[in-house]
Amino acid sequence: MAGNKRAQGARLSAVETVEIRAAAVAQEMALELVEVTLQKESRGKCLCVYLDKEGGLSLDDCERYHKRLQPMLEDVDYDIMEVSSPGMDRPIKTMRDFERNRGAVVEVKLFAAQNGQKLFRGQLTAMDEESVTITGAQETELRFERKAVAVIRPVIELDEDDFVGVDFDVVDEE
């Protein structure tokens, strides 16, 4: 979320305006505001609000939130508003995200290759404003400067037991 200070009298951007209102509604509804984006798409300007809550976000949560926030945004220029969860593999950006994922297996993707690679996998062990540390294979500790990191995401690992009772259609690709 936008945390930059503005000079007195400076106008807020549309995203910053929405963030302020969206955060108030999220707090009122015991939800966590994760992110607000405004993106140009072929169907118009899409205002995306990402929320979360302990135990997971339901479709009903999204619908109630949308109905509560939308009337507060009549002065914001957008065509479509989407409210959703950022998903299980949401990027780890904040210290709250770190605490939620401490000890989890993550992938760290770098902007530029380090030792010939840009993608590293390991257990998330430390993070602060300056760096992120993972423990890789053979208990090797890897430390990356935060400014070199493009994204940190939890690794979602599924096994056969996760699909018990799921009926898949077999697609014949001829």
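In what follows, every heavy atom counts, from backbone to side chain, and hydrogens, waters and symmetry copies are set aside.
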* Given the rule in the salt bridge (Lys or Arg N to Asp or Glu O under 4.0 Å) test, do D128 and R146 qualify, once you have shown the distances and angles that lead to the verdict? -> CA-CA 8 Å; D128 59 31; R146 289 282 297 269; 6.0 Å; no
* Asked: Would you say E82 has more than 12 foreign heavy atoms packed within less than 6.0 Å of its CD?
  -> yes
* Close side-chain approach of V106 to R121, heavy-atom, < 4.5 Å -> no
* Asked: F98 and L33: same hydrophobic cluster, using ILVMFWY side-chain contacts below 4.5 Å?
  -> no
* To do: Taking the side chain as every heavy atom from C-beta outward, state whether L142 and F144 have any atom pair closer than 4.5 Å.
  => yes
* Establish, from distance only, whether the side-chain atoms of Q39 and T37 form a donor-acceptor pair under 3.5 Å. => yes
* Check whether more than 12 heavy atoms from other residues, nucleotides or ligands sit under 6.0 Å from atom CD of E41, and answer yes or no. => yes
* Would you check if M29 and Y65 make a side-chain contact, meaning some heavy-atom pair closer than 4.5 Å? => yes
* Just wondering, are more than 12 heavy atoms of other shown residues or ligands nearer than 6.0 Å to CD in E54? -> no
* How about E32 and R96: do any of their side-chain heavy atoms sit closer than 4.5 Å? -> yes
* To do: Hey, could you give me the NZ/CD distance between K93 and E35, rounded to the nearest 0.5 Å?
  => 3.5 Å
* Counting only heavy atoms not in K53, do more than 12 sit closer than 6.0 Å to its NZ atom? -> yes
* Asked: Could you give the distance from CG (L124) to CZ (R153), rounded to the nearest 0.5 Å?
  -> 14.5 Å
* Asked: Does a sphere of radius 6.0 Å around CD in Q117 hold more than 12 heavy atoms from other residues, nucleotides or ligands, not counting ones at 6.0 Å or beyond?
  -> yes
* Determine, using the 4.5 Å side-chain heavy-atom cutoff (strictly less than), whether M95 and I92 are members of one ILVMFWY cluster. => yes
* Asked: Does some side-chain heavy atom of L47 sit less than 4.5 Å from a side-chain heavy atom of V36?
  -> yes
* Stepwise, does the side chain to side chain contact (heavy atoms under 4.5 Å, CB included) test hold for V108 with I134? -> CA-CA 9 Å; V108 176; I134 62 173; 3.9 Å; yes
* Give the cluster check for V105 versus V149: same hydrophobic cluster or not, with ILVMFWY residues linked at side-chain heavy-atom distances below 4.5 Å. => no
* To do: Can you measure from OG1 (T125) to CD (E139) and round to the nearest 0.5 angstrom?
  => 10.0 Å
* To do: Could you state whether V76 and V83 fall into the same hydrophobic cluster, counting links through intermediate Ile, Leu, Val, Met, Phe, Trp or Tyr residues with side-chain heavy atoms under 4.5 angstrom apart?
  => yes
* **Carboxylate-amine/guanidinium contact E16 R21, below 4.0 Å** => no
